[in-house]
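Read through the structure below, which is laid out as structure tokens, and then see the notes.
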Amino acid sequence: MPLFNSQQQHDRGIRWLGTGATVVIELLVLLALAFAVVRYAEWSSHAAQAEFMNATKPSASDPNHSGESSIAIQHLKGRTGCPRKG
């Protein structure tokens with residue numbers, strides 16, 4: 001029986017080694033994914049901020065730009081409120 005016991009102990013060692021290697025690989029993958037998510041969040045934040053800043057800057061090629069919106073505002077004539085019920 002000593003041969004069988006030594007074989008059983010050897011199998012247990014292999015199982016722990018395989019389990020430990022699997023846990024280490026899973027942790028490395030988890031860290032890589034976390035790093036990728038953080039980098040993507042930073043990148044998208046910078047991209048959104050740059051897009052926002054470019055949208056708020058007046059265009060130098062716009063000859064009609066006077067600091068006001070170029071959209072014409074139409075004023076309503078007559079009654080400006082909603083009709084009251086009652």
Side-chain angles (χ1 to χ4, degrees):
M1 284 282 200
L3 182 62
F4 181 71
N5 283 339
S6 67
Q7 182 68 30
Q8 194 175 26
Q9 288 175 351
H10 185 267
D11 287 345
R12 286 183 186 164
I14 291 174
R15 286 187 203 145
W16 280 112
L17 182 62
T19 303
T22 303
V23 168
V24 168
I25 290 171
E26 288 177 351
L27 287 175
L28 289 174
V29 169
L30 183 64
L31 287 173
L33 285 173
F35 179 76
V37 167
V38 168
R39 292 294 297 158
Y40 175 76
E42 288 177 355
W43 171 82
S44 64
S45 175
H46 290 301
Q49 184 179 12
E51 183 180 353
F52 175 76
M53 294 305 288
N54 285 336
T56 59
K57 289 181 183 176
S59 174
S61 63
D62 186 8
N64 295 328
H65 185 72
S66 63
E68 297 178 5
S69 175
S70 61
I71 300 173
I73 298 175
Q74 297 178 353
H75 295 284
L76 296 174
K77 295 179 182 175
R79 194 170 46 183
T80 59
C82 296
R84 295 185 183 187
K85 293 183 179 180

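Note that the structure is predicted; figures quoted are calculated from it, not measured.
Under the 4.5 Å side-chain criterion, counting only non-hydrogen atoms from C-beta, Arg39 is in contact with Phe35.
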Assess whether side-chain contact (heavy atoms from CB on, under 4.5 Å) is satisfied between Leu30 and Glu26, documenting all intermediate values.
CA-CA 6 Å; Leu30 183 64; Glu26 288 177 351; over 6 Å; no

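Annotation: the span from Leu33 atom CG to Leu28 atom CG amounts to 11.0 Å, rounded to 0.5 Å.
Between the side chain of Thr19 and the main chain of Arg15, a donor-acceptor pair closer than 3.5 Å is present.
The environment of Glu51 atom CD is sparse: at most 12 non-hydrogen atoms of other residues, nucleotides or ligands sit within 6.0 angstrom.
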